[in-house]
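Heads up: the structure comes next, in structure tokens.
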Number of protein chains: 2
Amino acid sequence: MSGQQDRREGRGFTDRELDIMSVLWREGSGTVAEVRETLGDDVGYTTVLKILQILEEKGAVRHEQEGRAYRYFPLVESVSAGGRALSRIVNKIFHGSAELLLATLVEDREFSEAEIERMRSILDRAGRKEDDGISPRDPSAK
Amino acid sequence: MSGQQDRREGRGFTDRELDIMSVLWREGSGTVAEVRETLGDDVGYTTVLKILQILEEKGAVRHEQEGRAYRYFPLVESVSAGGRALSRIVNKIFHGSAELLLATLVEDREFSEAEIERMRSILDRAGRKEDDGISPRDPSAK
DNA sequence: TGCTGTCAACGATAACCTTCGTAGCACTGG
DNA sequence: CCAGTGCTACGAAGGTTATCGTTGACAGCA
């Protein structure tokens with residue numbers, strides 16, 4: 001009989017926590033009222049406050065006094081949270097295959113030609129970096 | 001005071017549930033003992049059984065009698081679970097930008113030239129589909 | 001026949017998530 | 001001065017997750 005380990009650090013975000021982190025990442029910062037407003041979802045003031053306090057306890061956000069209210073700032077970067085979440089998905093769901101992940105992504109969504117082009121150039125950069133600086137590939141795109 | 005909605009359907013998987021689904025996806029099926037063995041993690045027999053029962057209640061797996069034991073089979077496909085998880089991440093963490101997701105992915109991992117090539121061709125296929133059949137791009141790779 | 005090992009089912013336990021109600025504090029318009 | 005407003009802090013209710021202990025069924029064997 002042991003319950004479960006301390007999730008108060010290192011782990012990913014829960015649904016609601018992610019909703020709120022998402023707002024802070026997009027907006028850069030927010031007071032309780034602002035976050036609640038942006039969420040739009042019909043969620044109580046004290047609920048948002050509570051979750052921000054929990055996130056602070058986890059070290060994911062910090063706050064500054066602003067007038068009589070607190071302004072919250074994200075401490076965890078969205079990319080780093082995203083990297084962890086992606087790792088988890090690649091390993092657990094896509095058997096470690098990033099290709100399969102990419103295939104699923106392009107299957108599920110409709111991309112414009114411009115988006116695909118930009119994604120292609122992301123891969124080109126990765127390929128060049130691997131090749132130690134010289135690219136044997138034609139970089140012409142348009 | 002309202003608690004929270006029924007998570008027993010439609011939602012994503014929790015950590016442990018995902019561990020176990022991952023085994024079933026990789027192996028195709030498994031008895032409680034097999035899954036527990038494959039997990040390797042030091043987790044009790046009844047714990048694995050319980051989670052399989054919960055997954056069954058959620059409609060994610062089914063079982064067949066095999067001798068005296070049950071053999072469990074995944075009902076939810078890994079790609080469809082992956083698609084949902086990806087959607088969530090793209091929207092909440094990467095502001096809806098799949099490019100940013102891809103950039104993070106190639107940043108975090110080291111890909112071989114072959115892998116990058118295969119990922120490129122996934123994008124090529126998506127581009128052609130969008131272009132209604134004709135690709136103006138040089139497909140030479142090697 | 002009675003012991004032992006394997007298994008599913010049931011129920012308990014402890015931690016956690018999400019949602020708020022309520023209280024307390026500082027300030028502001030009458 | 002006092003009621004109201006806007007905040008944060010405290011803590012509890014109700015549901016979920018993860019982990020097992022225990023029980024009872026059953027099969028093989030000594």
Query raised in the report: Given D:dA9, is OP1 or OP2 found less than 4.0 Å from the side-chain N or O atoms of A:Gln53?
Result: yes
Query raised in the report: Atom CG of B:Leu55 and atom P of D:dT16: how far apart are they, to the nearest Å?
Result: 15 Å
Query raised in the report: Looking only at side-chain N and O atoms, does A:Thr14 come under 4.0 Å of OP1 or OP2 in C:dC17?
Result: no
Query raised in the report: What's the CG-C1' distance between A:Asp15 and C:dT18, to the nearest Å?
Result: 11 Å
Report task. Compare the minimum distances between each of C:dT19, D:dC20, C:dC17 and the side chain of A:Glu17, then state the nucleotide with the smallest one. Result -> C:dC17
Query - Residue B:Lys58, side-chain heavy atoms: nucleotide from D:dT17, D:dT19, C:dC17 that is nearest - result: D:dT17
Query raised in the report: Pairs in or reaching into residues 25-38 of chain A: which pass salt bridge (Lys or Arg N to Asp or Glu O under 4.0 Å), with residues at least two apart or in two chains?
Result: A:Glu34-A:Arg71
Report summary line: Between A:Arg16 and B:Leu49, the residue closer to the 5' end of DNA chain C by nearest nucleotide is B:Leu49
Query raised in the report: Which whole-number value in Å describes the distance from A:Asp42 CG to C:dC20 P?
Result: 7 Å
Report task. Describe the nucleic acid contact of A:Tyr70 in one word from base, sugar-phosphate, nothing, applying a heavy-atom distance below 4.0 Å. Result -> sugar-phosphate
Query raised in the report: Do side-chain atoms of B:Trp25 reach the backbone of B:Val76 as a donor and acceptor pair under 3.5 angstrom?
Result: yes
Query raised in the report: What would the secondary structure line of DNA chain C be in dot-bracket form, counting Watson-Crick and G-U wobble pairs under 3.5 Å, with [ ] for pairs that cross earlier ones and | for pairs with another strand?
Result: ||||||||||||||||||||||||||||||
Query raised in the report: If only side-chain N and O atoms of B:Tyr45 are considered, is one of them under 4.0 Å from the OP1 or OP2 phosphate oxygen of D:dG21?
Result: no
Query raised in the report: Below 3.5 Å, does any donor atom in the side chain of B:Arg68 face an acceptor in the base of C:dT6, or the other way round?
Result: yes
Report summary line: In short, ring pair (Phe, Tyr, Trp, His ring centres under 6.0 Å) pairs touching residues 72-101 of chain B with sequence neighbours left out are B:His63-B:Tyr72
Report task. Whole angstrom is fine here: how far is it from NZ in B:Lys50 over to P in D:dT17? Result -> 12 Å
